[in-house]
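See below for the structure under consideration.
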Amino acid sequence: MALLDWPRHMPADVLAPGALHFYDAATAFRVGATDRQMRNALTQQLMGIKMTLRRRRLPPEVVHSLAQSLRALVGLKELEVDISFTSVGDHGACHLAQGIGTLQRLQSLELLLAGAGLGHSGCEKFAKELSSLRSLTRLKLDLSLNDIGDAGLRELSKFLRSNLLLQALVLDLNRNRISDPGVACLAQVVLELPTLSELEVALFDNRVGEDGARQMAATMRGLRKLSRLVLGLNRNAVSEAGVQDIAHALSSHSLQDLELDLSVSSVGWAGAHDLGMALSSLQGLKTLSIDLNVNHVGSAGARLLAQAISSQQGLVSLRLLASGNRIREVGARELSQALGSLRLLCCLELDVSGNGIGDPGACELARAMGHLAKLSRLVADLRGNLVGDNGERELARAVGDLPKLERLELRLGGNCRSSGAGPLHHELKNAVRKLQTGGCICDFSF
């Protein structure tokens, strides 16, 4: 029985005291030399590593051990760590940052700490531990659902100031009680990054107002090398004047990818007008995403946005969310004319739910989508409108006419149909079933 217990007590290091009870001297030396070579290879030659511990229970000693292990990987150039929703708190985040801060060769860092229990004092220590990193060219920090506030963002901005080689910066700061003073600090520091070409800042559900929007607009004007911009200000206190400042700042760029998230931001006709003018001035745009859900755009604003979208003939991906904007039949008609002209589109996501669109508008939109022969992904949300049998018939024809469709999502709940679950209802179901038979992934709801 004692012989069966040996493997459990065998030392991990074959050269450790007591190891020769299990190995002869020659074997121990040979295996030990191989072990040292492997360790040296890991610490010196390992270039990239990804660790996903999302939603795991991480006691302090585990986080400390993880930080110590990272500290040994001196040759690391790319690192991805996801410890979101682990409640490591201020101390755990600081321990982790201590280990990462020693990796002087690191060029790409992705650190996800959403919902980790990080406060403003912890964020200050966290940022100071990372401040020794000076070779980063790509940085992604997800600190969403924490409580860093303006004070934490101010310290985080100081860390960013030392990374003058940054080319891509992604900051997810959703729901952190951040207001205009914090955004002003961030905007000023980002403006000082001379090589930045990709910028993503998500500030969903914070306390950013008109001054914060104006500061971000000033930063956007100064970043002349931007090719990709993502700005999320949905569910803040941004006024229409702030939206107009952002729109004016866009006109000075040659962007390839643009995403603006401005839902629940008091965007009316004036804001839609300025956004439309800015979009029309952009050249070389390939990917466009605009979230204007629950604003006051109306049919007139929809017309202006549609004209701007139609001017971007090189678009391959379009995401337009305009739920709850009262665009009605006129706005739907204008959008359909714009969509029909974008013959290079491969991906389209359109949300016009809750806009009072009836059969005429739905038919126009369906015909426009049916002409986009290169579409491989289509998401259309028409819930809460007045779409009846005729609209369903055109949608069935449209999706059936798309030869390259690989993914389809159709949402039609909350509409009125004169015939209920009649034959035209089945016609749309049959079209979806035919697509599924051909290998298309479909998500279809009434």
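Computed from a predicted structure; not experimentally measured.
- Remark: the backbone N or O of Ile178 is not paired with any side-chain donor or acceptor of Asp150 at under 3.5 angstrom.
- For residues 252-274, the pairs satisfying ring-ring contact (aromatic ring centres under 6.0 Å, His included) are Trp269-His273, with sequence neighbours left out.
- The existence of a salt bridge linking Lys125 and Glu129 is excluded, since no basic side-chain nitrogen approaches an acidic carboxylate oxygen closer than 4.0 Å.
- Taking the salt bridge (Lys or Arg N to Asp or Glu O under 4.0 Å) definition, one finds that Arg138 meets it with Glu110, sequence neighbours left out.
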>> Set out, in order, the CA-CA distance, both residues' side-chain angles and the distance that settles side chain to side chain donor-acceptor pair (under 3.5 Å) for Ser239 and Glu210, then state yes or no.
In response: CA-CA 6 Å; Ser239 65; Glu210 184 177 333; 3.0 Å; yes
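- Judged by distance alone, with hydrogens and angles left aside, the side-chain atoms of Asp381 form no donor-acceptor pair with the main-chain N or O of Asp351 at under 3.5 Å.
- Using a distance-only test at 3.5 Å, with no hydrogens or angles considered, a donor-acceptor pair links the side chain of Asn295 to the main chain of Val267.
- Within 6.0 Å of atom CD in Gln283, 12 or fewer heavy atoms from other residues, nucleotides or ligands are found, so the atom counts as exposed in its surroundings.
- Under the 3.5 Å distance criterion, the side-chain polar atoms of Asn236 are matched with a main-chain donor or acceptor of Asn234.
- Listed by first and then second residue, the salt bridge (Lys or Arg N to Asp or Glu O under 4.0 Å) pairs involving residues 272-286 amount to none (not counting sequence neighbours).
- Looking at Glu427 and Lys429, no side-chain N of the basic residue comes within less than 4.0 Å of a carboxylate O on the acidic one, giving no salt bridge.
- Using a 4.5 Å heavy-atom cutoff, the side chains of Gln98 and Arg71 are in contact.
- For CZ of Arg221, the number of neighbouring non-hydrogen atoms (other residues, nucleotides, ligands) closer than 6.0 Å is greater than 12.
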>> I'd like to know whether Asp291 forms a side-chain contact (heavy atoms from CB on, under 4.5 Å) with Leu320, so could you lay out the CA-CA distance, the side-chain angles of the two residues, the decisive distance to 0.1 Å, and finally the verdict.
In response: CA-CA 6 Å; Asp291 179 358; Leu320 178 60; over 6 Å; no
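- Between the side chains of Gln256 and Ser227, no donor N or O sits under 3.5 Å from an acceptor N or O.
- In this structure, the side chain of Thr219 engages the main chain of Ala187 through a donor-acceptor pair within 3.5 Å.
- In this structure, Leu96 and Phe126 have side chains that are not in contact, with every pair of non-hydrogen atoms separated by 4.5 Å or more.
- With hydrogens and angles left out, the side-chain atoms of Ser179 and Arg207 include no donor and acceptor closer than 3.5 Å.
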>> The test is side chain to side chain donor-acceptor pair (under 3.5 Å); show your working for Arg383 and Ser353 and say whether it passes.
In response: CA-CA 5 Å; Arg383 291 175 295 179; Ser353 58; 5.2 Å; no
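- Side chains of Ser144 and Asp172: a donor-acceptor N/O pair is absent below 3.5 angstrom, by distance only.
- Not a single ring pair (Phe, Tyr, Trp, His ring centres under 6.0 Å) links His91 to another residue, sequence neighbours left out.
- A salt bridge does not link Glu406 to Lys404: none of the charged side-chain nitrogens sits closer than 4.0 Å to a carboxylate oxygen.
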>> Show, in sequence, the C-alpha distance, side-chain angles and deciding distance for Ser162 and Ser131, and conclude whether the side chain to side chain donor-acceptor pair (under 3.5 Å) test is met.
In response: CA-CA 7 Å; Ser162 62; Ser131 60; over 6 Å; no
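- Looking only at atom types and distance, the side chain of Asn293 has no donor-acceptor partner in the side chain of Ser263 under 3.5 Å away.
- Arg326 meets the side-chain hydrogen bond (donor to acceptor under 3.5 Å, both in side chains) test with no other residue; sequence neighbours excluded.
- Using a 4.0 Å cut-off between charged side-chain N and carboxylate O, Glu329 and Arg333 make no salt bridge.
- Side-chain polar atoms of Ser310 and Ser341 form no donor-acceptor pair below 3.5 angstrom.
- Paired with Ile357 under the rule side-chain contact (heavy atoms from CB on, under 4.5 Å), one option of Leu386, Asn415, Ile327 passes, and it is Ile327.
- A 4.5 Å side-chain heavy-atom check between Lys374 and Leu345 finds every atom pair outside the cut-off.
- Salt bridge absent: Glu155 and Lys128 never bring a charged side-chain N and a carboxylate O closer than 4.0 Å.
- With contacts defined as side-chain heavy-atom distances shorter than 4.5 Å, the pair Glu200/Leu171 does not qualify.
- Arg175 pairs by the side-chain hydrogen bond (donor to acceptor under 3.5 Å, both in side chains) definition with Asp205, not counting sequence neighbours.
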